[in-house]
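Following: one structure in structure tokens, then a few remarks.
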2 protein chains.
Amino acid sequence: MRGYDKHAYEPFAVTVDLAVFTLRADALHVLLVERGQEPYAGRWALPGGFVRPEESAETAARRELAEETGLTDVTGPYLEQLRTYSEPGRDPRMRVVSVAFAALLPGPPEPRGGSDAAQARWVPCDEARGLAFDHDRILADARDRVGAELEHTCLATAFCPAEFTLGELQRVYEAVWGTTLDRPNFRRKVLATPGFVEPVPGAARLTGGRGKPAALYRAGPAAALRPPLLRTPREGHPA
Amino acid sequence: MRGYDKHAYEPFAVTVDLAVFTLRADALHVLLVERGQEPYAGRWALPGGFVRPEESAETAARRELAEETGLTDVTGPYLEQLRTYSEPGRDPRMRVVSVAFAALLPGPPEPRGGSDAAQARWVPCDEARGLAFDHDRILADARDRVGAELEHTCLATAFCPAEFTLGELQRVYEAVWGTTLDRPNFRRKVLATPGFVEPVPGAARLTGGRGKPAALYRAGPAAALRPPLLRTPREGHPA
DNA sequence: CCTCTTTATAGTCGCACTGACTATTAAGGG
DNA sequence: CCCTTAATAGTCAGTGCGACTATAAAGAGG
């Protein structure tokens, strides 16, 4: 079916949808926009928009990310294609195929509403339900994917600012996985993985509040985490 | 950019491309079709075609898979969405967005050419180069993905018939990864993973050639492989 | 028939990683 | 000045895995 005669295919509208994650108060949040138009007017949805004729889906996703968050550094934030949603009827008006992306932001800027979005807001992931279109499904898939990637990639640093403590890194894992981790073991694992994190050379130490000041680290060059850091199904850390 | 006014978007053609893998003579093969039309007439390409208006990409992929291989059991073979390729200019004539899939077949049937494909052929993966469009890239991505999934899923059984020996299963890993594995260790790992394989209850044994007959196993209910079966970078097994 | 080759299966040994846990250090708060 | 909090250091045992040896059961070839 590679023939391109004019009756061989129907045109589709192609959009991107973004699951933009960040950590606020040690909880995983996702960026949502309130829809201003029908369908689903007044409902919350993942930010997104149409892919323009001269764009790839990746380019469109970066553009939408910049528009929605107000970020100027479009090359910076981690952005990854997830999968494409193409069920007929997922948009009640027309045939829309949507390429979903996940983005990870460190310091979450206050969102500024996009051109036609009534408003944009960070919402705790667990409270984001009843979204427009099939965005509940997309968000769940995105969260699963990010959680799985934490296990065998060094992706967690994408949630952290340029310099961070091991405690902050651990809280990324705990927020995404919804578990608690043993601190000494987490520390041992991260430091034993070459290239995961690099100590900031100066005796730089950060004090955010109480307790012993923690050493600062930067993200290292490694991308994979071998052997992986598996989440063990367990209930809670015995205090 | 969720406004749907008529100037907000341009229509795209949406296609699916399939990387159909199987094992022939202990080597990973991929199904290719020879293009009969311009562009890239006479060149080899991944099978694929347009998504029809009433179809999802998954449905279209199953349809194309059945058309290209002549398989009637469309629910059977493992099929997984990989990612979407949307670079402008990837098709010289028009704006085409393609959703790529990987399919895994056990007993490889002889391919029958699709409607407009001059012919279809199983080609050893290592010899499949110079494909049409961006299919070299898609094929490489698909192979990487399948190789990675063998590490932490029970996907390998999708390459095997309903009943298989552990030696056959091991050859799947060796063909996809391009390595050799230690047989006793592989065996220990597979049997120690609950739900990966189940012994065929009868004293059923298969003799395909020389050597001691091997016990037969079926694919078990497990999908994940935890802890994973990591490929260790090494050169070759000391005979 | 006997031996060699081939493949499957059983088991051993030691190292590396990890989960669970204890101890010590260095800050801030009352 | 003590208590709390958080970071860091270290211990110990169990598990998983790489490397390796040994045995069993078939066919091939003389």
Side-chain angles (χ1 to χ4, degrees), chain A residues 25-26 150-152 160 163-174 177 179-194 196-197 199-200 203-217 224-239, chain B residues 25-26 150-152 160 163-174 177 179-194 196-197 199-200 203-217 224-239:
Chain A
D26 295 344
L150 287 192
E151 292 195 47
H152 51 266
C160 296
E163 300 187 345
F164 52 87
T165 69
L166 293 184
E168 290 169 345
L169 190 65
Q170 180 176 347
R171 265 168 248 129
V172 171
Y173 279 88
E174 293 177 337
W177 288 350
T179 59
T180 45
L181 298 174
D182 181 83
R183 192 162 14 186
N185 290 343
F186 177 81
R187 181 187 179 71
R188 184 219 292 158
K189 173 70 180 173
V190 171
L191 294 180
T193 301
F196 192 175
V197 299
V200 172
R205 293 171 167 269
L206 173 78
T207 170
R210 290 193 292 269
K212 180 174 173 178
L216 286 178
Y217 294 86
L225 196 49
R226 294 174 70 96
L229 177 50
L230 297 177
R231 53 188 143 172
T232 314
R234 57 176 196 156
E235 306 75 72
H237 186 72
Chain B
D26 296 345
L150 288 192
E151 289 194 297
H152 51 268
C160 296
E163 299 187 344
F164 52 86
T165 69
L166 294 184
E168 290 169 346
L169 190 65
Q170 181 176 346
R171 263 168 251 129
V172 170
Y173 280 88
E174 293 177 336
W177 287 350
T179 58
T180 46
L181 298 175
D182 181 84
R183 194 163 14 191
N185 289 344
F186 178 81
R187 185 186 173 71
R188 184 219 291 158
K189 173 69 180 175
V190 171
L191 294 179
T193 302
F196 192 175
V197 298
V200 173
R205 291 170 170 269
L206 173 77
T207 169
R210 291 193 291 270
K212 180 176 174 176
L216 287 177
Y217 294 86
L225 196 50
R226 294 174 70 95
L229 177 49
L230 298 177
R231 53 188 143 174
T232 315
R234 58 175 195 159
E235 307 76 71
H237 187 71

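Residue numbers begin at 1 in each chain, while the letters A, B, ... track the order of the sequences. Just so it is clear, the structure is predicted and the values come from calculations on it, not from any experiment.
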**Close side-chain approach of A/Lys189 and A/Pro227, heavy atoms under 4.5 Å** = yes
To the nearest angstrom, the CZ-P distance between A/Arg187 and C/dT25 comes to 15 Å
Q. Quick one: does A/Arg226's side chain have a donor or acceptor within less than 3.5 Å of a partner on B/Thr232's backbone?
A. no
| message | When you measure only distances, ignoring hydrogens and angles, does the side chain of A/Arg188 come within 3.5 Å of the base of C/dG19 through a donor and an acceptor? | response | yes
For B/Tyr217 and B/Leu166, indicate whether the former's side chain and the latter's backbone hold a donor-acceptor pair under 3.5 Å.
no
Whole-Å distance, A/Lys212 NZ to D/dA9 P, equals 7 Å
B/Arg183 atom CZ is separated from C/dT12 atom P, nearest whole Å, by 20 Å
Rounded to whole Å, the CZ-P distance (B/Phe186 to D/dA19) equals 16 Å
Rounded to whole Å, CZ of B/Arg210 lies from P of C/dT3 at a distance of 20 Å
Q) So, is B/Lys189 near the phosphate of D/dG16, with a side-chain N or O under 4.0 Å from OP1 or OP2? A) no
On DNA chain C, more 5' by nearest nucleotide between B/Pro184 and A/Pro184 is B/Pro184
Closest to the 5' end of DNA chain D, once B/Asn185 and A/Tyr217 are matched to their nearest nucleotides, is A/Tyr217
Item checked: Note, A/Tyr173 side chain near A/Thr179 side chain (heavy atom, < 4.5 Å) -> no
Would you call B/Phe196 and B/Leu169 a side-chain contact if the rule is heavy atoms closer than 4.5 Å?
yes
Checking C/dT9, C/dA8, D/dA7 against the side chain of B/Arg171 (C-beta onward), the nearest is C/dA8
From CG of B/Leu181 across to P of D/dG16 the rounded distance in Å is 19 Å
From CG of A/Asp182 across to P of D/dA6 the rounded distance in Å is 15 Å
Between CG of A/Leu216 and C1' of D/dT8 the distance, given in whole Å, is 15 Å
**Message:** Strictly below 4.0 Å: does B/Thr232 bring a side-chain N or O up to OP1 or OP2 of D/dC17?
**Reply:** no
